[in-house]
Amino acid sequence: MPHPILLPKFASVRTVGLIARVGHALMLLANKAMVKTMLDAGNATLERLCAERDCIRLLHAYGRAIDWQDREGLAGLFWPDATIDLGFFAGGGVEVVEFLLANAVRSQRRFHMTSNILLRVEGASALADSCCVTHAVGPDKARGQGWQLFLGRYLDRLERRGGEWRFAERRFLLNGYHEGAQDEPSPLAEVPRAAGLTPDHPQFRFR
């Protein structure tokens, strides 16, 4: 806020008017600067929120693309020069797509869930820490049909290039593993199964 302007005791009307106009101009300049500061802060906040939204959508899209064996969707999540280390696979952003799809075919039903996402966005790069649950049902030589449950954590580095966010680095840390025979009670016999999910499935969405 501009300091009050002290007028001479015998200032003329013309002088008073000039000083008033100068004071008004200074106030306008101060207000414009304040508005610009507020707009800049608002734009920065909006940009950060949009980046966080895009990163969260990327993290969730990973599991969905595997569950539906969506090659096109999965390939669009990794930069070609990405570094991926899943423990049972280590390679680049192109090779990992082939590995994940080949691994998915081994199960009849797949379920991936990502939660507890923590993000730190810094310009066109972001670090992410998230928890994941993976459940799969498939043929088992000893049990006929079995299930596997993986509990773990993903540590990711995401990058925005050309306005698009993708994985630049992904590392998996295992927390726990469980398996057993798939035993489904009769009341569930009529419940539709999430089996044979592919982009050709009639229930596939978000093409």
Side-chain angles (χ1 to χ4, degrees), residues 52-80 82-119 128-156 158 164-167 169-207:
E52 290 179 352
R53 177 207 61 187
D54 291 344
C55 290
I56 290 173
R57 293 182 65 180
L58 173 62
L59 297 175
H60 286 307
Y62 172 84
R64 176 186 173 276
I66 297 175
D67 290 343
W68 287 90
Q69 298 184 59
D70 181 6
R71 175 181 297 275
E72 181 180 353
L74 191 60
L77 304 181
F78 300 93
W79 293 117
T83 301
I84 312 299
D85 185 358
L86 305 178
F88 40 81
F89 169 86
V94 176
E95 299 88 349
V96 70
V97 174
E98 299 302 325
F99 169 81
L100 292 172
L101 292 175
N103 190 59
V105 174
R106 297 170 57 190
S107 58
Q108 298 165 339
R109 288 180 258 162
R110 298 160 298 280
F111 172 84
H112 289 75
M113 183 176 68
T114 302
S115 65
N116 293 26
I117 298 173
L118 184 63
L119 284 169
D129 182 333
S130 60
C131 296
C132 60
V133 177
T134 300
H135 183 267
V137 176
D140 186 289
K141 292 182 179 179
R143 306 180 179 97
Q145 192 176 52
W147 57 266
Q148 295 177 310
L149 178 67
F150 294 85
L151 307 172
R153 181 179 300 276
Y154 284 118
L155 302 178
D156 300 307
L158 316 174
E164 180 181 8
W165 287 94
R166 294 190 186 190
F167 290 102
E169 182 179 334
R170 162 153 279 206
R171 179 181 296 273
F172 175 71
L173 303 179
L174 181 66
N175 282 86
Y177 172 81
H178 306 275
E179 64 177 29
Q182 183 68 11
D183 183 17
E184 298 176 346
S186 56
L188 297 178
E190 301 301 321
V191 179
R193 300 299 193 263
L197 300 184
T198 71
D200 295 327
H201 193 283
Q203 297 299 322
F204 182 74
R205 303 178 181 181
F206 308 108
R207 296 185 184 275

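Residue numbers start at 1 and run along the sequence shown.
To the nearest 0.5 Å, the span separating CG on Leu77 from CZ on Arg170 amounts to 9.0 Å. Distance check: Phe150 CZ to Glu179 CD gives 8.5 Å after rounding to the nearest 0.5 Å. Rounded to the nearest 0.5 Å, atoms CG (Asn103) and CZ (Phe88) are 6.5 Å apart. Rounding to the nearest 0.5 Å places NE2 of His135 at 8.0 Å from CZ of Arg109. The structure places CZ of Arg193 at 6.0 Å from CG of Leu188, a figure rounded to the nearest 0.5 Å. Note that the SG atom of Cys55 and the CG atom of Leu158 stand 5.0 Å from one another [nearest 0.5 Å].
Pro139 has its side chain within reach of Gln108: a pair of non-hydrogen atoms, C-beta onward, lies under 4.5 Å apart. Proximity of Asp140 to Gln182: side-chain heavy atoms (C-beta onward) are nowhere separated by under 4.5 Å. In this structure, Glu95 and Phe89 have side chains that are in contact, with non-hydrogen atoms separated by less than 4.5 Å.
In this structure, Leu197 and Arg110 approach most closely via the heavy-atom pair O-NH2, 3.5 Å. The two residues Leu86 and Phe99 make their nearest non-hydrogen contact at CD1-CE2, 4.5 Å. Listed here is the closest heavy atom pair of Leu59 and Thr114: O-OG1, 3.8 Å. Taking all atoms of both residues into account, the shortest heavy-atom contact from Phe172 to Gly152 is CE1-CA, 3.8 Å. Between Ser130 and Asp156, the shortest heavy-atom distance links the atoms OG-OD2, 4.5 Å. When all heavy atoms of Ile84 and Val96 are compared, the pair lying nearest together is CG2-CG2, 3.8 Å.
Without hydrogens or angle criteria, Arg71 side chain to Gln69 main chain gives no donor-acceptor distance under 3.5 Å. A distance-only check finds a donor-acceptor pair linking the side chain of Arg166 to the backbone of Gly76 [under 3.5 Å]. Judged purely by atom type and a 3.5 angstrom limit, Trp147 has no side-chain atom pairing as donor or acceptor with the backbone of Gly138.
The aromatic ring centroids of Tyr154 and Tyr62 lie less than 6.0 Å from each other.
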Stepwise side chain to side chain contact (heavy atoms under 4.5 Å, CB included) test for Phe204 and Thr198: CA-CA 7 Å; Phe204 182 74; Thr198 71; over 6 Å; no
* To do: For the pair Arg64 and Trp68, evaluate side chain to side chain contact (heavy atoms under 4.5 Å, CB included) and give the outcome as yes or no after the intermediate values.
  => CA-CA 6 Å; Arg64 176 186 173 276; Trp68 287 90; 3.8 Å; yes
Candidate pair Leu101 and Val97, rule side chain to side chain contact (heavy atoms under 4.5 Å, CB included), full reasoning: CA-CA 6 Å; Leu101 292 175; Val97 174; 4.0 Å; yes
Begin with the C-alpha distance, continue with both residues' side-chain angles, and end with the deciding distance and a verdict on side chain to side chain contact (heavy atoms under 4.5 Å, CB included) for Tyr177 and Leu151.
CA-CA 6 Å; Tyr177 172 81; Leu151 307 172; over 6 Å; no
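Crowding of Arg171 atom CZ: a count of heavy atoms from other residues, nucleotides or ligands under 6.0 Å not exceeding 12.
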